[in-house]
Amino acid sequence: MLEKLTVEEIQPSSRRYPGIIFTPEREVGSKILEVHGLSAYVDGKVLFKDVNFQIEKGDKVVFLSHDPRAMTAFFEIINGNRKADEGTYDWGQTITTAYLPLDNTSFFNNDLNLVDWLCQFSNDSSEIYLKGFLGKMLFSGEEVLKRCSVLSGGEKMRCMIARMMLNNANTLILDSPTNHLDLESIQAFNNTLQTFKGIVLMSSHDHEFIETVCNRVIELTPNGVIDKMMDYDDYITDSRVAELKAKFYES
């Protein structure tokens with residue numbers, strides 16, 4: 001069959017991979033993020049309490065919790081979008097962040113086309129420059145003139161990633177980054193996070209995404225944090241971690 005096969009008969013793949021590339025403008029310094037006694041509540045329920053940790057150079061951290069609202073609340077707090085109920089956090093002077101929130105609805109409450117939409121977040125307003133970023137995220141030709149009001153969930157996520165790439169940040173904060181993305185986009189995102197030279201703080205439901213990117217696990221609980229410098233697979237199978245979980249989630 002191989003001998004009979006001709007090159008002309010091989011159909012080129014129709015799979016398209018976005019060019020997700022994060023290029024930090026500056027290296028992170030010795031102080032990155034310090035969290036002291038941070039707590040958050042919703043409707044009288046504790047999402048997390050007495051959270052203390054320090055982020056170090058080279059950290060790519062996945063945040064976990066029995067309540068997924070805990071990670072979103074934490075990310076919103078450290079991005080200045082929500083006040084903590086208790087405690088403080090402090091970013092280092094060298095740190096620049098790019099945030100991919102779980103809910104991006106507020107970013108698309110307008111009828112701008114994609115070039116004008118992206119221009120809101122860019123220091124360079126030239127159309128060629130902005131189209132370059134949209135092109136990397138697979139918006140080509142007339143697609144860059146699409147209106148925000150007609151975008152699908154996946155298209156909105158690709159726009160948000162383009163917005164992140166504009167920042168040249170050295171710290172990425174990602175709340176469920178694979179939501180609404182197709183397999184090609186997830187793979188491209190996964191590959192770039194593995195080689196990213198800065199800090200990654202994220203939550204995700206994608207086991208492989210976490211395992212291949214993260215080297216540290218921080219679990220937010222109602223009674224403090226479980227903080228382990230280990231791969232995700234090791235974390236979820238470690239008997240000592242299981243004992244800690246039973247203790248930290250006690251009511």
Side-chain angles (χ1 to χ4, degrees), residues 12-29 32-33 55 57-62 75 79 91 94-102 104 107-108 113-141 143-146 148 151-204 206 208-216:
S13 172
S14 60
R15 298 177 73 179
R16 299 169 68 210
Y17 291 85
I20 302 175
I21 304 167
F22 299 111
T23 51
E25 203 161 47
R26 65 186 297 185
E27 189 178 344
V28 297
I32 298 167
L33 173 64
I55 298 298
K57 275 189 176 182
D59 277 354
K60 294 182 178 180
V61 186
V62 61
F75 291 147
N79 277 282
W91 289 103
T94 63
I95 302 305
T96 52
T97 62
Y99 178 35
L100 187 68
L102 179 66
N104 58 38
F107 289 88
F108 298 97
N113 66 48
L114 299 193
V115 175
D116 291 339
W117 181 87
L118 194 59
C119 186
Q120 300 174 101
F121 313 106
S122 176
N123 293 325
D124 187 336
S125 60
S126 71
E127 193 168 297
I128 292 174
Y129 178 75
L130 297 169
K131 282 182 175 179
F133 282 90
L134 291 168
K136 287 187 180 99
M137 297 312 298
L138 305 181
F139 295 106
S140 59
E143 286 182 318
V144 299
L145 299 178
K146 266 190 172 183
C148 288
L151 295 179
S152 67
E155 287 171 330
K156 287 178 181 178
M157 280 294 281
R158 285 189 276 131
C159 285
M160 293 296 288
I161 295 168
R163 172 180 173 269
M164 288 183 73
M165 290 195 294
L166 284 170
N167 289 9
N168 295 323
N170 55 26
T171 300
L172 306 179
I173 304 166
L174 313 169
D175 195 351
S176 301
T178 60
N179 281 9
H180 303 293
L181 293 180
D182 57 24
L183 288 174
E184 290 78 18
S185 298
I186 291 171
Q187 188 173 335
F189 211 159
N190 185 250
N191 290 343
T192 200
L193 291 182
Q194 289 180 53
T195 58
F196 181 63
K197 300 300 183 186
I199 304 297
V200 177
L201 310 177
M202 75 174 200
S203 67
S204 179
D206 189 316
E208 184 177 356
F209 203 87
I210 298 170
E211 174 63 20
T212 54
V213 171
C214 298
N215 56 15
R216 181 176 176 185

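Below, all heavy atoms of this structure are taken into account, side chains as well, without hydrogens, waters or symmetry copies.
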Exercise: identify the closest heavy-atom pair between Glu184 and Tyr17: O-CD2, 3.4 Å
Which atom of Leu100 lies closest to which atom of Met157, heavy atoms considered: CD2-CE, 3.8 Å
Any donor-acceptor N/O pair, Asn167 side chain to Ala169 backbone, under 3.5 Å: no
Distance in Å, Lys156 NZ paired with Cys148 SG, rounded so as to fall on 0.5 Å steps: 8.5 Å
More than 12 heavy atoms from other groups under 6.0 Å of CD on Glu127: no
Ser185 side chain near Met137 side chain, heavy-atom distance below 4.5 Å: no
Donor on one side chain, acceptor on other, Asp206 and Ser204, under 3.5 Å: no
Verdict with supporting geometry, Ser176 and Ser203, side-chain contact (heavy atoms from CB on, under 4.5 Å): CA-CA 5 Å; Ser176 301; Ser203 67; 3.9 Å; yes
Distance (rounded to the nearest 0.5 Å) between Asn104 CG and Tyr99 OH: 10.5 Å
Closest approach of Glu155 to Ser152 (non-hydrogen atoms, all atoms of both residues): OE1-N, 2.9 Å
Spacing of CG belonging to Leu151 relative to CG belonging to Leu114, to within rounding of 0.5 Å: 5.5 Å
Gap between atom CH2 of Trp91 and atom OG1 of Thr171 - 0.5 Å precision: 5.5 Å
Over 12 foreign heavy atoms within 6.0 Å of CD, Gln120: yes
Any Asn179 side-chain heavy atom under 4.5 Å of Leu102 side chain: yes
Aromatic centroids of Trp117 and Phe107 separated by under 6.0 Å: no
Nearest-0.5 Å distance, CG of residue Leu166 to CZ of residue Phe133: 4.5 Å
Verdict with reasoning, Leu174 to Met164, per side-chain contact (heavy atoms from CB on, under 4.5 Å): CA-CA 10 Å; Leu174 313 169; Met164 288 183 73; 3.4 Å; yes
Asp59 side chain to Val61 backbone, donor-acceptor under 3.5 Å: no
Ring geometry between Phe189 and Phe209 (parallel below 30°, tilted from 30 to 60°, perpendicular above 60°): perpendicular
Ser125 to Cys119 - nearest heavy-atom pair and separation: CB-SG, 3.6 Å
Audit row: Glu143, Leu134, side-chain contact (heavy atoms from CB on, under 4.5 Å) steps and yes/no: CA-CA 9 Å; Glu143 286 182 318; Leu134 291 168; over 6 Å; no
Whether Asn170 side chain and Thr94 backbone form a donor-acceptor pair below 3.5 Å: yes
Atom NZ of Lys197: over 12 foreign heavy atoms under 6.0 Å: no
Min side-chain heavy-atom separation Pro101-Asp175 under 4.5 Å: no
Under 3.5 Å: donor-acceptor pair, side chain of Thr192, backbone of Ile20: yes
Exam field: side chain Asn215 to backbone Gly58, donor-acceptor pair closer than 3.5 Å: yes
side-chain contact (heavy atoms from CB on, under 4.5 Å) between Met202 and Leu172, intermediate numbers included: CA-CA 8 Å; Met202 75 174 200; Leu172 306 179; over 6 Å; no
From CD1 (Ile21) to OG1 (Thr23), nearest 0.5 Å: 8.0 Å
Which atom of Gly198 lies closest to which atom of Lys60, heavy atoms considered: O-CE, 4.1 Å
Pair Thr212, Asn190: side-chain N/O donor-acceptor within cut-off below 3.5 Å: yes
Smallest separation among heavy atoms of Arg158 and Leu181, with atom names: CG-CD2, 4.4 Å
